> 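Take a look at this one; I'll ask things after.
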Amino acid sequence: MARLLFFGKLADAAGARARQVKLEPETRTIDDLVAVLGDEDAALGASLNEKSVRFIVNETLASRDAAIGDKDEIAFLPPVSGG
Amino acid sequence: MARLLFFGKLADAAGARARQVKLEPETRTIDDLVAVLGDEDAALGASLNEKSVRFIVNETLASRDAAIGDKDEIAFLPPVSGG
Amino acid sequence: MIRVCTDPFDPGAELSVFETKAGAAGAVVSFIGKVREAAGDSAVTGLYLEHYPGVTERSIAEIKEEAAKRWAIDDVLIIHRVGELGPGEPIVMVCVAAAHRRDAFEAADFLMDYLKTEAMFWKKEIREDGEAWIEPRDADYKDAARWKDDEEE
Amino acid sequence: MIRVCTDPFDPGAELSVFETKAGAAGAVVSFIGKVREAAGDSAVTGLYLEHYPGVTERSIAEIKEEAAKRWAIDDVLIIHRVGELGPGEPIVMVCVAAAHRRDAFEAADFLMDYLKTEAMFWKKEIREDGEAWIEPRDADYKDAARWKDDEEE
């Protein structure tokens, strides 16, 4: 199972801060995963497709075409706002 | 009597922070006063003639040719160093 | 030192400890950011802040290292609240100690720009007229971009 | 508030009072300048500071007004020690509260440049190898000149 983390407004869009999901073998990249999530929930898909969203795989920043696997922790980050 | 104030290294040069002096009628400007003080003490005169020295007459910044009188408070300021 | 904490902190007490420790450093600059009390016409009743535990702290540690490369600084303290905060409460504090004030000012300024635009915190403002996730203002991105020019030099 | 004082002050306690008062201001920047502990190879054993009572305070009040014209700031605190100080003791503290951090940073920076190059204080450093009246460094004049360009705009 992969662990998905949603922060800020993306947690609102996903309806949860974290999800455990089974990644099918054909879900090879973050882009693939976003497509799968968008198929289940179009609004969430739209939110995750915003250009400002960044991705972290196993605690390291990753691009949309980064490879992912079924043991990974994948985080979706909206624009930050600290301080 | 005029009141002369010397600050910082100029107090060291004058040997005092303050002096009361009788200004002769022909001592009309700060320049005149510096000349009088320099006649008494050449080293003090040299210190007061340094370009970085500033002058205050009755709590207001004044130029070397500012008029002074026998009731005035005249301060000699070397370069400042606060903070 | 870097601290991400859910409990309130006391900026004055933190500064006391920091500046006392900063013996030989002639200059100490501190910045405190607080929850504002109004957004436009609407009163702000609270703030909710979240972060990515572990990842956020590590990214702040990296930017602290970056600041130490760019400026001659002796010590840095970064405190950032997460969780629920009330109006007027301190959210963030950055302290920098250095031999010269320019280094201390610029490093503190740089660290704050990073914390505003890059560090992994997400902030929701709870207002009388509703809730809203906050994003950096254009001015924040502009401020942060000042340091990128430096990088290219 | 402007305070020229012979007694030591506690920067942390001053910041506490200042930032608590600065309710609606989202940003508070503080600067503390301390007596350095060494000048080159020679230990600094103390500092002696004098000012021109009345005139110094008035000139600082004027520069505070100037800062309030240039930046959107809510509150300013300036404390400056005079008399005899030991190594590591705070000499000066400037606090600025503002709605936005850029205003707070720049106004604090500006006030410090003024205090270093224009305000009527004279400082003698007492070192193991002798005493010396201090004058601003070239860097201090350069820092202060940054704001003169602004004036001409």
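Here the structure is a predicted model, which means the values were calculated and not measured.
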> Are there over 12 heavy-atom neighbours, none belonging to D138(D), within less than 6.0 Å of that residue's CG?
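No, not enclosed.
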> For the interface with chain D, which of A13(C), S30(C), G26(C), S16(C) has the highest count of heavy-atom pairs at distances below 4.5 Å?
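So the answer, after comparing A13(C), S30(C), G26(C), S16(C), is S30(C).
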> If you count heavy-atom pairs within less than 4.5 Å of chain D, which of V29(C), D109(C), D113(C) leads?
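Option with the greatest count: D109(C).
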> For E84(D), does the CD atom sit with more than 12 other heavy atoms under 6.0 Å from it, leaving out its own atoms?
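No, because the 6.0 Å sphere around CD of E84(D) holds 12 heavy atoms or fewer from other groups.
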> Report the option among G88(D), P87(D), A27(D), A104(D) that has the most heavy-atom pairs separated by less than 4.5 Å from atoms of chain C.
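Top count of heavy-atom pairs under 4.5 Å with chain C: A27(D).
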> Closest approach of K34(C) and A25(D), non-hydrogen atoms and distance?
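Minimum heavy-atom contact is CE-O, 3.6 Å.
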> Heavy-atom distance under 4.5 Å to chain C: side chain of P90(D), backbone, both or neither?
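Side chain only.
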> Does the side chain of D140(C) come within less than 4.5 Å of R101(D)'s, by heavy atoms?
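SC-SC contact between R101(D) and D140(C) confirmed.
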> How many angstroms lie between NZ in K142(D) and CZ in R102(C), if you round to the nearest 0.5 Å?
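CZ of R102(C) is found 10.5 Å from NZ of K142(D).
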> Would you compute the distance between atom CG of D10(D) and atom OG1 of T20(C) and round it to the nearest 0.5 angstrom?
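Taking CG in D10(D) and OG1 in T20(C), the distance rounds to 7.5 Å.
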> With a 4.5 Å heavy-atom cut-off, do M93(C) and L15(D) have their side chains touching?
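Contact flag for M93(C)/L15(D) side chains = yes.
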> What residue, out of R137(D), E14(D), R36(D), has the most heavy-atom pairs lying under 4.5 Å from chain C?
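So the answer, after comparing R137(D), E14(D), R36(D), is R137(D).
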> Over 60° means perpendicular and under 30° means parallel, so classify the ring planes of F105(C) and F31(D), tilted if in between.
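Geometry flag for F105(C) against F31(D): parallel rings.
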> Based on non-hydrogen pairs under 4.5 Å, which of A97(D), C95(D), A22(D) is most in contact with chain C?
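If we count pairs closer than 4.5 Å to chain C, A22(D) comes out on top.
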